[in-house]
Amino acid sequence: DQQVKQNSPSLSVQEGRISILNCDYTNSMFDYFLWYKKYPAEGPTFLISISSIKDKNEDGRFTVFLNKSAKHLSLHIVPSQPGDSAVYFCAASATNFGNEKLTFGTGTRLTIIP
Amino acid sequence: SAVISQKPSRDICQRGTSLTIQCQVDSQVTMMFWYRQQPGQSLTLIATANQGSEATYESGFVIDKFPISRPNLTFSTLTVSNMSPEDSSIYLCSGMYPSEWGYTFGSGTRLTVV
């Protein structure tokens, strides 16, 4: 049972344009969401997170939006740069229920075209 | 930011043998986790490493196959026992820090079983 889903396995975006990565979840107890970036042969690197009490969090070029009613979150990268090419994972936890372990999505491979 | 050291970074092992992976964090963490990423798949939690006591395993993972130790707050080991080619994966250590909600990951151990 995949509780966190990223339905697009890959995405290609022109350099300088906006990249939008999507993530859906099914477990209504999830209350904390994170995005990670992963290069080959490296561990995931934390990008940005959002608590369920918010609907938007911004950090530089990265913005995460949360729609709780739709159980959907998205990561916006503006402007996209060649160094953003990587695999992006969304993850979720149910921290208010004492469950800090992360459940990961299947990942989206983002390719930025120069 | 927090740094997690994991070794070895990669290994090629014969089936039937065991490999122990070490994870060292640079400051006190509240929780440590071990994940597995099989080829083309997402990250799957193996277990939560508990200091001075038995790890808490996720469904589908057992102590006999993946014994875990955490003798102190900043060090943990994962052993992959009696390996088969199906155990070929990237194994990742992760720490959760009290001062940040971005879980930090080690660089991973790429295991190939032949």
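Just so you know, these numbers come straight off a predicted model, no measurement behind them. Atom set for the values below is all heavy atoms of this structure, side chains included, hydrogens, waters and symmetry mates excluded.
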Honestly curious: do B/Phe61 and B/Trp34 fall in one hydrophobic cluster under the side-chain, below-4.5 Å linking rule?
yes
After noting the C-alpha distance and the side-chain angles of A/Phe46 and B/Phe105, does the key distance pass the side-chain contact (heavy atoms from CB on, under 4.5 Å) rule?
CA-CA 8 Å; A/Phe46 170 72; B/Phe105 283 81; over 6 Å; no
Contact between A/Glu42 and B/Ile90 at the side-chain level, heavy atoms closer than 4.5 Å - yes or no?
no
With clusters defined by side-chain heavy atoms of hydrophobic residues (ILVMFWY) lying less than 4.5 Å apart, directly or transitively, does A/Leu47 cluster with A/Phe30?
yes
A/Arg61, CZ: over 12 other non-hydrogen atoms inside 6.0 angstrom
yes
Suppose we call two aromatic rings close when their centres sit under 6.0 Å apart. Are B/Tyr35 and A/Phe104 close by that rule?
yes
Between atom CG of B/Leu43 and atom CG of A/Leu102, what is the distance when rounded to the nearest 0.5 Å?
9.5 Å
Do B/Tyr103 and A/Pro44 touch side chain to side chain, with heavy atoms closer than 4.5 Å?
no
Interface check, chain B: of A/Ser51, A/Gly107, A/Gly105, most non-hydrogen pairs under 4.5 Å belong to A/Gly105
Is B/Ile68 reachable from B/Val25 through a run of I, L, V, M, F, W or Y residues, each pair having side-chain heavy atoms under 4.5 Å apart?
no
Find out whether A/Lys38 and B/Gln37 are in side-chain contact, i.e. whether some heavy atom of one side chain is under 4.5 Å from a heavy atom of the other.
yes
Residue A/Lys5 excluded, over 12 heavy atoms near NZ under 6.0 Å
no
More than 12 heavy atoms of other residues, nucleotides or ligands under 6.0 Å from CD1 of B/Ile12: yes or no?
no
Engaged part of B/Glu58 at the chain A interface, taking heavy atoms whose separation is under 4.5 Å
side chain
